[in-house]
2 protein chains.
Amino acid sequence: MILLDYRDKRPLYEQVVEKLEHLIVCGALKPDSKMPSVRALAMELSINPNTIQRAYALLEQSGFLYTIVGRGNFVAPEESWQSGKQLALKEELAEAFEHALSAGMDKESIIAILDSVRQKMKKEAANDSDT
Amino acid sequence: MILLDYRDKRPLYEQVVEKLEHLIVCGALKPDSKMPSVRALAMELSINPNTIQRAYALLEQSGFLYTIVGRGNFVAPEESWQSGKQLALKEELAEAFEHALSAGMDKESIIAILDSVRQKMKKEAANDSDT
DNA sequence: TGAAGTGTATTAAGAGAATTAATACACTTA
DNA sequence: TAAGTGTATTAATTCTCTTAATACACTTCA
């Protein structure tokens, strides 16, 4: 199903997450289809089941899988991943806001930056439609 | 001059950076005034001089201090730090905004998140003053 | 009902990075 | 030249992260 790269310095579970996420987004793994069991995939890759468990847990957290205890893990419907991305975006925003506010920046200044980004993106969209 | 918190799980040099940065931004340490020597501050805090050295190096990198070898470290003029810090914050915000907007999030949703972060920080500030 | 398959929780071992310390060097000033 | 300053190098230590070992709990189905 996937192949690990031991020259890659990143942790194994991260590689597993990345590759499975890719397979799901590309449609190679269809929504509601059953994933290999934690133990089966661990066996196939010759690694510990907990490592797969961790990868599956992360994929579930970001909405790519859903779990039925005792039955297995399944690919989530497309709507789930998109809401997961929304969550990630919110966290990114919250982090930036926290930094800005604790540095003393006020709400108006932050909104001014937001508006400037919106205008910049509008212009770029207009230019794109020209080409 | 500053006080370390050994219950704080962050590294010592990070605490030193944070507290000195705060003293500079608040005006408690005036531009061009001499900072305590690496050894003196280390002695005062009962930690290794290299830890202070590391903190000073980071503060110099972000424009809060300047160094004259053999003479000491000095507080940088306001222009040096304000520009660098503000710029970094603006870039972080702009990046997050760009991601959010291109994913289809609208202005109102973004401002709602900003408000929730502001409220959260107010609460935390209130709790800190209790202890 | 019980065995086999599934996910889950807990704990510990191992590796690696990050932090801190020890020490020696180099520059400036008086 | 001595005392005070920052700097560089290396080593010891601490800590976090990753992975593994193991036991537990739930579902299904023969």
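Just so we're on the same page: letters track the sequence lines, and every chain starts at 1.
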Does the pair R10(B)/D5(B) count as a salt bridge with the N-to-O cut at 4.0 Å? no
From CG of N50(B) across to C1' of dT19(C) the rounded distance in Å is 11 Å
Distance, rounded to the nearest Å, where E14(B) contributes CD and dT14(D) contributes C1': 16 Å
Between dT18(D), dT28(D), dC26(D), which nucleotide has the shortest distance from any of its atoms to the side chain of V69(A)? dC26(D)
Ignoring backbone atoms, test whether N73(B) places a side-chain nitrogen or oxygen under 4.0 Å from the OP1 or OP2 oxygen of dT5(D). no
Think Q53(A) has a side-chain N or O under 4.0 angstrom from the OP1 or OP2 of dT8(C)? yes
In whole Å, what is the span from the OH atom of Y56(A) to the P atom of dA9(C)? 17 Å
Just to confirm, is there a sub-4.0 Å distance from OP1 or OP2 of dA21(C) to any side-chain nitrogen or oxygen of T51(B)? yes
For Q82(B) and Q86(B), which I'm curious about, is there any donor-acceptor pair between the side chains at under 3.5 Å? no
Could you tell me how far apart K34(A) (NZ) and dT27(D) (P) are, to the nearest whole angstrom? 15 Å
Atom-to-atom span, CG of D8(A) to P of dT18(D) - whole angstrom: 13 Å
Residue pair D32(B) / Y66(B), side-chain donor-acceptor N/O under 3.5 Å: yes
Has the side chain of R39(A) got a donor or acceptor that lies under 3.5 Å from a partner of the other kind on the base of dG5(C)? no
Tell me: CG of L58(B) to P of dA18(C), nearest whole Å? 14 Å
In whole Å, what is the span from the CZ atom of R10(B) to the P atom of dC15(D)? 16 Å
Here the distance between atom C1' of dT10(D) and atom CG of N48(B), to the nearest Å, is 13 Å
Quiz question: by atom type and distance under 3.5 Å, do the side chains of D106(A) and S109(A) form a donor-acceptor pair? yes
Nearest nucleotide by nearest heavy atom, which residue falls closer to the 5' end of DNA chain D, K9(B) or V38(B)? V38(B)
Kindly say if Y13(B) contacts the phosphate of dT19(C), meaning a side-chain N or O under 4.0 Å from OP1 or OP2. yes
For the pair W81(A) and F64(A), name the ring-plane relationship: parallel under 30°, tilted 30 to 60°, perpendicular over 60°. parallel
I want to check one thing: is the phosphate of dG7(C), taken as OP1 and OP2, less than 4.0 Å away from some side-chain N or O of T67(A)? no
Please check the phosphate of dT6(C) (OP1 and OP2 only) for any side-chain N or O of S37(A) closer than 4.0 Å. yes
Any R54(A) side-chain nitrogen or oxygen under 4.0 Å from OP1 or OP2 of dT18(D): yes
